[in-house]
Structure formats: C-alpha cells, structure tokens
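Notes follow the structure.
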Number of protein chains: 2
Amino acid sequence: MAKKYSADFPLRLDNQICFAVYSAAHAFNRVYKPLLDRLGLTYPQYLVMLVLWERDGVPVKAIGERLFLDSGTLTPLLKRLEAAELIKRTRSTEDERQVLIALTAKGEQLREKARAVPESILAASDCSVGELVALKSEIVALRDRLNAVLGE
Amino acid sequence: MAKKYSADFPLRLDNQICFAVYSAAHAFNRVYKPLLDRLGLTYPQYLVMLVLWERDGVPVKAIGERLFLDSGTLTPLLKRLEAAELIKRTRSTEDERQVLIALTAKGEQLREKARAVPESILAASDCSVGELVALKSEIVALRDRLNAVLGE
DNA sequence: ATAATTTATGTTGTGTACAATCTAATTGTG
DNA sequence: CACAATTAGATTGTACACAACATAAATTAT
C-alpha cells in the first residue's frame with residue numbers, strides 16, 4: 001500500500017507557497033505565545049489591541065476590515081477583551097447598529113508592557129530589519145492580489 | 001478618547017511581518033475554500049491528503065512533523081477523513097503505540113480531482129512561478145529560523 | 001527482569017475562523 | 001411617507017490549533 005515519491009510535482013507539499021505561509025503563521029504564533037501570555041493576550045487579541053492603540057473608539061466593522069476578520073470571529077473575541085477590562089463596548093448613539101470599541105485605562109496601560117514584544121520577535125526572526133521589511137512587502141502584495149481575486 | 005496615529009512605530013500593525021503572514025494565510029484559505037469544497041476537504045485536510053498522496057501507511061506522528069501539527073489537531077481531523085472514507089486508521093502491529101494512516105481507494109482517486117487545484121491557486125496569485133518559488137523559499141527560511149528558536 | 005522514563009496517541013478545555021442565518025437599524029426609491 | 005434593500009452585529013454550527021493532561025506501549029537503566 002505504501003506509495004513512494006509521487007511524480008506529481010504540483011501536488012508536492014514542499015512546492016506549495018500556501019503551506020509555507022500557513023506553517024510560518026503557526027511558527028509566529030508559537031513564538032508570540034510566551035510573550036503574549038505575560039500580557040494576558042492571545043495573538044488575535046494582540047492584533048485587535050494594536051489596532052486600538054493606533055486609534056480607538058472605532059466600530060467593530062472597522063477593526064474587521066483592518067484585520068480581515070468578520071463579526072463571527074470578533075464578537076466573542078471582543079467580549080473576552082471586555083471581560084478582561086481592556087476595552088469597553090458601547091452602542092453608537094448616531095448609528096445604533098454600530099458598537100464602538102474604546103480602550104479602558106487598563107487597556108491603554110497595557111501598551112507600555114507590549115513595547116518589548118516587537119523586539120523579541122525581531123530577535124527570533126534572526127535577520128535584519130531591512131530583509132524583514134522587504135519580505136513583508138512581498139507577502140502583503142501577494143495577499144492583496146489574492147484578496148483582489150476574491151472581490152471579483 | 002479617540003487616539004490618532006500613534007508614533008509607536010514598532011507597534012504599528014502595518015509594520016508587522018507577522019500580520020502580513022497571518023493575513024496572507026487567511027487570504028490563501030479563502031481562495032482555496034471554493035476549490036476544496038468541491039473535493040469535500042478543508043484546507044488542513046487537504047494538507048494531510050498531500051502528505052498521504054506522496055506516501056501513505058505512515059504514523060500520525062510523521063504527518064504531524066511534516067505539517068507542524070500535534071495529535072490534538074490531527075486526531076479529530078483524521079477521524080473526519082476516516083468518516084469520509086478517504087483514509088483508514090490501523091494500529092501498527094510492530095509498535096502498538098502507532099496508528100498508521102493509509103489511503104482508501106476513494107482517497108487515492110481524489111488525487112485526480114485535486115490535480116486542478118494548484119493551477120487555480122497559481123492563477124489567483126497572479127505572479128510568475130519563479131517569483132512564487134523565490135518568495136516561498138524566503139518564507140520557509142524565516143519559518144525555520146523561528147522554529148529553531150522554539151527548539152532551544 | 002523490573003522499575004523508571006520516554007514515546008505515540010487520545011481527550012478536554014479554551015480560543016479562534018468562517019459560513020449561514022437572524023435581528024434591528026438605516027438608507028434608497030418612488 | 002412607505003417599503004424594499006442594505007448594513008452592523010450577534011448567534012449557531014463546524015472545524016481547526018494547541019496546552020495540559022491521561023493512558024498504554026516501548027525503551028532504558030539498573
């Protein structure tokens with residue numbers, strides 16, 4: 001039954017850029033885990049906090065567009081951040097369909113503790129900032145091309 | 001309360017390569033979805049099938065090492081593939097700790113239907129094979145450096 | 001050979017992801 | 001204004017991902 005080395009090159013796991021991206025994402029997640037545990041955040045929660053540290057008081061929708069996540073993912077995640085007293089959820093008075101997300105004092109303060117994180121990640125990446133910036137741009141360009149196909 | 005543009009460059013979402021990778025992985029997943037729906041597979045299930053199409057009759061552990069996944073993820077996933085009659089799970093007689101995963105006839109046949117998938121993904125990526133291969137290598141190298149840090 | 005350790009897999013609990021569906025609020029059109 | 005269409009969020013159900021723990025089989029160390 002055992003089958004040796006298929007000649008099916010396009011179907012070879014190691015030829016697939018998607019698997020490279022998929023497995024790199026998991027590797028990042030595992031490197032982040034111990035750092036974020038100290039902040040009491042998961043990686044997606046950290047991403048939401050990054051968005052809010054740039055600008056808060058924004059609707060759920062805006063966070064979702066920034067992170068490419070929908071309400072099915074964000075609603076429970078934001079409830080957990082609220083339970084941790086890092087954010088407040090308030091229904092907008094202008095447009096009652098919207099729920100605005102604002103940082104609490106505790107949520108603002110967490111930014112100070114988060115300052116050390118990017119440096120640790122850079123160290124784990126074990127390459128220069130320049131290389132990472134270049135690679136990031138290529139990956140973002142690929143992502144945007146993929147998303148463009150989906151939008152059609 | 002609303003806070004405008006933080007000067008905290010290291011904490012800017014758009015500066016983070018991890019987010020580029022994370023969001024690219026999701027973009028790939030969304031492009032794959034309609035293609036894999038036709039095969040009755042999810043993306044992680046497709047990865048397992050790729051491994052098995054190269055060589056089957058392998059223990060769960062070997063699949064996990066290939067895909068960087070543990071038993072907590074693979075056990076239920078493999079049970080679903082077994083329920084779909086694509087694989088068989090058999091306890092090894094040589095080493096009773098191991099569960100060997102083999103393709104069923106149906107699982108083997110699915111490879112034919114999967115042949116069209118990589119080409120569709122390449123088209124969605126909207127760039128040359130050469131560029132993708134180069135980018136893939138860089139991402140794999142980064143992933144391996146991250147994983148190396150974890151192994152310490 | 002027997003105890004201690006390691007290994008392979010399974011189980012449980014928490015937290016994403018996302019499709020599909022639902023409700024309530026707003027907008028567009030005649 | 002009336003009312004269909006759209007929009008923002010929430011809910012439900014399925015499927016990863018992984019930590020922590022459990023169990024049984026194999027290995028080793030004595």
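Any value given below was found using the heavy atoms of this structure, including those in side chains, with hydrogens, waters and symmetry copies removed.
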Fill in: Candidates C/dG10, D/dA17, C/dT26 - which lies nearest the side chain of B/R89
C/dG10
Worksheet entry | Heavy-atom donor-acceptor pair, B/S71 side-chain to C/dG10 base, under 3.5 Å | yes
Discussion item. By the 4.0 Å heavy-atom rule, please label A/L69 as base, sugar-phosphate, or nothing.
Written reply: sugar-phosphate
Worksheet entry | Nucleotide of D/dA15, C/dT9, C/dA17 approaching B/Y22 most closely (side-chain heavy atoms) | C/dA17
Discussion item. Of the listed nucleotides (D/dA10, C/dA19, D/dA8), which one gets closest to any side-chain atom of A/V99?
Written reply: D/dA10
Worksheet item: Taking the six-membered ring for Trp, are the ring centroids of A/Y32 and A/Y46 within less than 6.0 Å of each other?
Response: yes
Fill in: Spacing of A/D37 atom CG relative to C/dT14 atom C1', expressed in whole Å
12 Å
Worksheet entry | Aromatic contact, B/Y22 with A/Y43 (centres under 6.0 Å) | yes
Discussion item. Of the listed nucleotides (D/dA8, C/dT11, C/dA17), which one gets closest to any side-chain atom of B/T75?
Written reply: C/dT11
Practice prompt. Look at the side chain of A/K79 and decide which nucleotide, out of C/dT9, D/dA10, D/dC18, has an atom nearest to it.
Written response: D/dA10
Worksheet item: Could you give the CG-to-P distance, from B/N29 to D/dT14, as a whole number of Å?
Response: 19 Å
Practice prompt. Would you indicate what B/T73 reaches in the nucleic acid, counting non-hydrogen atoms under 4.0 angstrom: base, sugar-phosphate, or nothing?
Written response: base
Fill in: Side chain of B/V60 (C-beta onward), nearest among C/dA17, C/dT9, D/dA26
C/dT9
Item to complete: Give the rounded distance in Å between these two atoms: CD of B/E96 and C1' of D/dA26.
Response: 11 Å
Discussion item. Applying a 4.0 Å non-hydrogen cut-off, can you work out what A/E65 is touching in the nucleic acid: base, sugar-phosphate, or nothing?
Written reply: nothing
